[in-house]
Every structure is written in C-alpha cells, then in structure tokens.
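Everything below concerns the one structure shown next.
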Amino acid sequence: MRRWLWDYRRDNLDGLKPKSRKDKGCSRVISEELGKKIIEFRQENPAFSVMLLYEKMVKEGLILRFEVSYYSVYRYLKQRNLARPLVEDTVSIKDRKPFAYDEVNRMWQGDYPDLFVIPTFRFVM
C-alpha cells in the first residue's frame with residue numbers, strides 16, 4: 001500500500017500504471033557463452049527436437065538441469081528461429097525411436113494393474 005501511495009504522490013496516475021521489465025527479451029539464466037554453446041550444439045544436431053537436444057546437453061554436462069530449465073532453452077532457441085528441427089530427414093527420425101525393432105514381434109509390452117484383482121468366491125457348505 002505504501003509503495004502505491006508513494007508512486008501516486010511521485011507520478012500521479014502514471015505512477016500506478018504497470019511498467020514493463022527492463023530486461024524484457026533477454027535471458028537471465030542463459031549467458032552469452034552458454035547461448036553460443038547451445039546454438040553450436042543445435043547446428044551439430046539439426047534433426048533433434050528441443051527436448052532431445054536439452055536432454056543430450058544435460059547428459060554431456062554442458063548445462064545443469066537445476067540451473068537451466070528446458071523452457072529456458074526452448075525460449076532461447078525460439079527467439080532465434082531454431083526451435084524446430086532444422087532437417088526434415090526420415091532416417092534421423094527413425095533412428096530416434098526408443099522402441100523400434102527390425103523384426104516383427106521382437107518386443108512385447110504389457111501392463112498389469114495390481115489394484116484391480118477379480119475376487120473369487122468359494123461357497124462352503
């Protein structure tokens with residue numbers, strides 16, 4: 001309340017209008033050096049999505065997950081029009097599938113919920 005009163009006394013109604021941030025459009029988390037590494041890594045892996053790119057950078061130790069989030073990297077690349085995969089190559093997309101096999105019926109997957117057990121009733125006479 002005091003802040004509003006002080007702003008009003010100083011600038012009248014203009015002081016109460018919301019102001020835009022001074023660092024708008026600049027990343028506070030991604031430095032220039034890290035930004036260059038991200039762009040370089042993006043150019044080395046043009047067929048990766050941003051999620052795969054982020055995960056690979058975390059695994060290689062280029063960025064730390066608790067310091068730089070996926071969304072920060074996504075916004076940084078989107079501002080530079082690098083968020084979409086640079087290459088539309090079906091071979092590279094085929095290589096990325098985690099559960100792809102050459103032969104049919106090579107892998108089976110199932111799910112058994114432990115919570116839903118059908119009770120059996122026995123009648124004692």
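- Heavy atoms from other residues, nucleotides or ligands lying under 6.0 Å from CZ of R3 number 12 at most.
- E32 CD: 12 or fewer foreign heavy atoms inside a 6.0 Å radius.
- Between K37 and E44 there is no salt bridge, since no side-chain N of the basic residue sits under 4.0 Å from a carboxylate O of the acidic one.
- The main-chain N or O of F48 is found under 3.5 Å from a side-chain atom of R42 such that the two form a donor-acceptor pair.
- Note that CG of L53 is 6.5 Å distant from CG of L77, once rounded to the nearest 0.5 Å.
- Other residues, nucleotides and ligands contribute only 12 or fewer heavy atoms inside 6.0 Å of the CD atom of E33.
- Here F66 is tied into one hydrophobic group with L64, each link being a pair of ILVMFWY side chains closer than 4.5 Å.
- Using a 4.5 Å heavy-atom threshold, the side chains of E55 and Y70 count as separate.
- The two residues Y76 and I30 make their nearest non-hydrogen contact at CB-CD1, 3.6 Å.
- Taking CG of L5 as the start and CZ of R10 as the end, the distance is 12.0 Å to the nearest 0.5 Å.
- Checked options I38, I63, L62; the residue passing with Y54 is I63 (criterion: side chain to side chain contact (heavy atoms under 4.5 Å, CB included)).
- For the atom pair S69 OG and R75 CZ, the distance stands at 6.0 Å (nearest 0.5 Å).
- Other residues, nucleotides and ligands place no more than 12 heavy atoms under 6.0 Å from the OH atom of Y74.
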